[in-house]
There are 2 protein chains.
Amino acid sequence: MPSLTSVLGVLDPTSDRAVFRQIADALREAIDKGRFREGDKLPSETELVDHFGVSRMTVRNALSLLQQEGLVLSEHGKGVFVRPRPPVRRLASDRFARRHRDQGKAAFTVEAEAAGSRPEVDSLEVKEERPSQDISARLGSPRKVLARRRRYLLDGRPVEFATSYLPLDLARNTPIAQPNPGPGGIYARLEEMGHRLDHFDEEIRARMPSPAEVRTLQLASGVPVIHLVRTAYDAEGRAVEVCDTVMAADAYVLAYQLPAN
Amino acid sequence: MPSLTSVLGVLDPTSDRAVFRQIADALREAIDKGRFREGDKLPSETELVDHFGVSRMTVRNALSLLQQEGLVLSEHGKGVFVRPRPPVRRLASDRFARRHRDQGKAAFTVEAEAAGSRPEVDSLEVKEERPSQDISARLGSPRKVLARRRRYLLDGRPVEFATSYLPLDLARNTPIAQPNPGPGGIYARLEEMGHRLDHFDEEIRARMPSPAEVRTLQLASGVPVIHLVRTAYDAEGRAVEVCDTVMAADAYVLAYQLPAN
DNA sequence: GATGCATACTCGTATAGACGAGTGGGCAAG
DNA sequence: CTTGCCCACTCGTCTATACGAGTATGCATC
């Protein structure tokens with residue numbers, strides 16, 4: 001095995017760059033150059049302390065930088081590893097097209113199985129509640145809404161947490177209020193009930209997750225979330241659903257097609 | 001002024017939650033409840049040390065947690081502040097519609113001024129180069145491309161860094177190869193040259209910035225980037241441009257409209 | 001009044017040491 | 001062979017201390 005010096009180099013004591021940044025730079029470069037590959041274990045903190053001749057806090061400082069960048073993840077009792085890039089789920093802009101809605105299964109399940117992954121949906125909760133100010137405004141200020149919460153997992157890993165809100169007068173005592181709304185999902189049910197869907201508006205933000213989101217999505221540090229809010233409009237221009245989705249950003253790429261007009 | 005104890009509470013020594021997490025929780029809660037507002041200065045590290053009766057490293061550990069979450073930002077010599085939410089730029093899905101293209105000014109400038117901000121475009125670089133594998137594949141494998149790089153600023157703050165790539169056979173010796181391509185931008189020039197634009201594909205990812213991106217966008221820690229890659233197609237189905245854009249995620253919300261088909 | 005310095009405050013960087021807790025391998029006992 | 005324990009190694013948490021560097025303020029000097 002190659003010596004640590006040949007992989008990581010040495011510190012430049014004349015540099016005004018902070019030592020822990022130099023160490024982070026050395027590790028980052030080694031990872032970029034493929035000297036450490038996805039899933040590889042980095043040298044232990046003790047080894048880095050010995051190699052660079054610095055204190056352990058300095059090494060930990062460097063590693064925490066890389067962790068914030070999402071480059072590595074540390075596992076208690078095992079070591080620090082180059083973070084593997086998970087398979088990415090691609091969301092196409094036609095994913096709600098009517099032609100994708102006839103299957104007996106949910107779109108998420110069909111698509112995941114086609115990609116060779118094992119899909120799961122859990123923590124399904126369906127209840128009536130008072131909408132937040134934001135949701136209320138988007139739905140035309142209904143007094144109460146039906147909220148459908150669920151979490152999506154791929155191969156056991158949570159990747160997405162979504163809540164659909166529908167005006168209660170529209171959803172109460174319909175299949176939409178059931179845990180499983182049936183083939184084609186709630187959009188198929190809405191259309192059966194005479195709300196022909198016209199278009200969707202989507203708003204996309206990216207930010208760091210809240211502690212609660214870190215828990216439910218089991219996010220490694222250094223992984224942002226994509227926050228997507230979709231509003232569905234029927235042919236009369238009424239907002240019939242708002243879907244608030246938080247996705248692990250390292251598991252998704254969103255694709256849209258725009259006309260040039 | 002209220003006592004620190006009434007604002008932050010005290011530690012629970014019986015809890016198995018790490019002390020620095022308890023401190024972070026206390027500060028987070030105080031911020032959420034509005035006891036510290038945007039731009040407010042948090043108690044100094046020394047004050048927190050005295051209040052909680054812990055060592056400074058523990059306090060710094062707590063603050064660094066909040067910083068990773070994007071909640072606060074620290075300024076050397078001044079203090080730690082609740083991070084102000086910057087004004088957000090909304091990118092609508094019709095932003096490339098032909099009707100927005102007649103102005104003499106660039107779309108970015110018009111839009112920013114309408115929003116009351118002071119727009120700037122800088123570090124404009126136009127050069128011919130060999131495309132990366134990814135860009136090459138998207139453009140139909142041209143041998144060389146014209147690359148147009150620029151950075152956008154709002155009120156002096158960099159918010160976006162973008163590079164447009166065009167096949168060289170299409171762009172060489174045209175206004176597109178000029179630093180300022182003229183009114184309506186390069187899309188207007190492309191259409192004048194007979195490449196009537198048909199549609200755009202956009203791919204969106206979110207991730208933590210690289211160190212280089214932190215520098216050019218002057219990003220605070222805890223701020224992810226949105227990485228957008230747009231491909232423009234003409235009426236013959238040829239990819240005529242790829243635009244690779246990295247945006248400060250706290251400055252943008254992307255909006256799309258999808259037909260329901 | 002303007003300039004410049006001293007000072008006190010802020011966070012940034014670094015050292016050295018200690019103990020806790022999760023993991024995995026080896027070894028001894030059953 | 002299996003079970004269970006010990007041990008070595010890993011990262012996690014915390015203390016105590018020191019000095020450097022950026023900022024703001026006030027005061028003395030010009």
Side-chain angles (χ1 to χ4, degrees), chain A residues 1 4 10-27 36 39-68 71-83 211 214 218 220-222, chain B residues 1 4 10-27 36 39-68 71-83 211 214 218 220-222:
Chain A
M1 86 160 86
L4 268 192
V10 293
L11 295 179
D12 173 6
T14 71
S15 166
D16 59 350
R17 189 159 175 78
V19 173
F20 77 92
R21 292 187 198 282
Q22 292 187 48
I23 296 176
D25 292 344
L27 289 166
F36 299 110
D40 279 5
K41 184 179 170 302
L42 295 188
S44 77
E45 294 180 355
T46 312
E47 286 173 308
L48 292 171
V49 162
D50 292 343
H51 171 66
F52 288 112
V54 298
S55 85
R56 186 165 161 235
M57 283 310 297
T58 303
V59 164
R60 282 183 61 78
N61 220 334
L63 289 172
S64 119
L65 251 191
L66 298 180
Q67 205 164 90
Q68 285 176 51
L71 219 60
V72 306
L73 64 89
S74 67
E75 296 183 38
H76 193 168
K78 299 211 243 180
V80 179
F81 301 84
V82 179
R83 194 152 69 81
V214 168
Q218 290 172 27
S221 62
Chain B
M1 82 159 91
L4 269 191
V10 293
L11 295 178
D12 173 7
T14 70
S15 166
D16 58 350
R17 188 158 176 80
V19 173
F20 77 92
R21 293 188 197 281
Q22 292 187 49
I23 296 176
D25 291 345
L27 289 166
F36 300 110
D40 278 5
K41 185 177 169 302
L42 296 188
S44 77
E45 294 179 355
T46 312
E47 286 172 307
L48 293 171
V49 162
D50 292 341
H51 172 66
F52 288 112
V54 297
S55 85
R56 186 164 160 235
M57 282 309 297
T58 302
V59 164
R60 283 183 60 78
N61 218 335
L63 290 171
S64 119
L65 253 191
L66 298 180
Q67 204 164 89
Q68 286 175 51
L71 258 181
V72 305
L73 64 88
S74 67
E75 296 183 40
H76 193 167
K78 299 211 245 179
V80 179
F81 301 84
V82 179
R83 194 151 71 79
V214 169
Q218 290 172 28
S221 63

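Here is how names work: the chains are called A, B, and so on, in the same order as the sequence lines, proteins then strands, and each is numbered from 1.
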Q: How does protein contact run along nucleotides 12-20 of chain C, one letter per nucleotide 5' to 3', with B for base contact, S for sugar-phosphate only, - for none, heavy atoms under 4.0 Å?
A: BBBBB-B-B
Q: How many whole angstroms separate atom NZ of K41(B) from atom C1' of dT10(C)?
A: 7 Å
Q: D50(A) has an atom CG; how far is it from atom C1' of dT10(D), in whole Å?
A: 14 Å
Q: Please give, in whole Å, the distance from dT13(D) P to L11(B) CG?
A: 15 Å
Q: With a 3.5 Å cut-off and no angle check, do the side chains of Q67(A) and S74(A) form a donor-acceptor pair?
A: yes
Q: Take the protein atom CG of L48(B) and the nucleotide atom C1' of dT10(C), then report the distance between them rounded to whole Å.
A: 13 Å
Q: Within this structure, what is the NZ-to-C1' distance between K78(B) and dC11(C), rounded to whole angstrom?
A: 12 Å
Q: Hey, what do you get for CG (L42(A)) to CG (L71(A)), rounding to the nearest 0.5 Å?
A: 9.0 Å
Q: Find the distance L66(A):CG to dC11(D):P and express it as a whole number of Å.
A: 13 Å
Q: Let me know which of D50(A), V19(A), L27(A), V54(A) forms a side chain to side chain contact (heavy atoms under 4.5 Å, CB included) with V59(A).
A: V54(A)
Q: Distance check, rounded to the nearest 0.5 Å: D16(A) atom CG versus Q22(A) atom CD?
A: 9.0 Å
Q: Taking Q68(A) for its side chain and L65(A) for its backbone only, find out whether a donor-acceptor pair lies under 3.5 Å.
A: no
Q: Round to a whole Å and report the spacing from CG of L73(A) to P of dT10(D).
A: 17 Å
Q: Is any side-chain heavy atom of N61(A) closer than 4.5 Å to one of I23(A)?
A: no
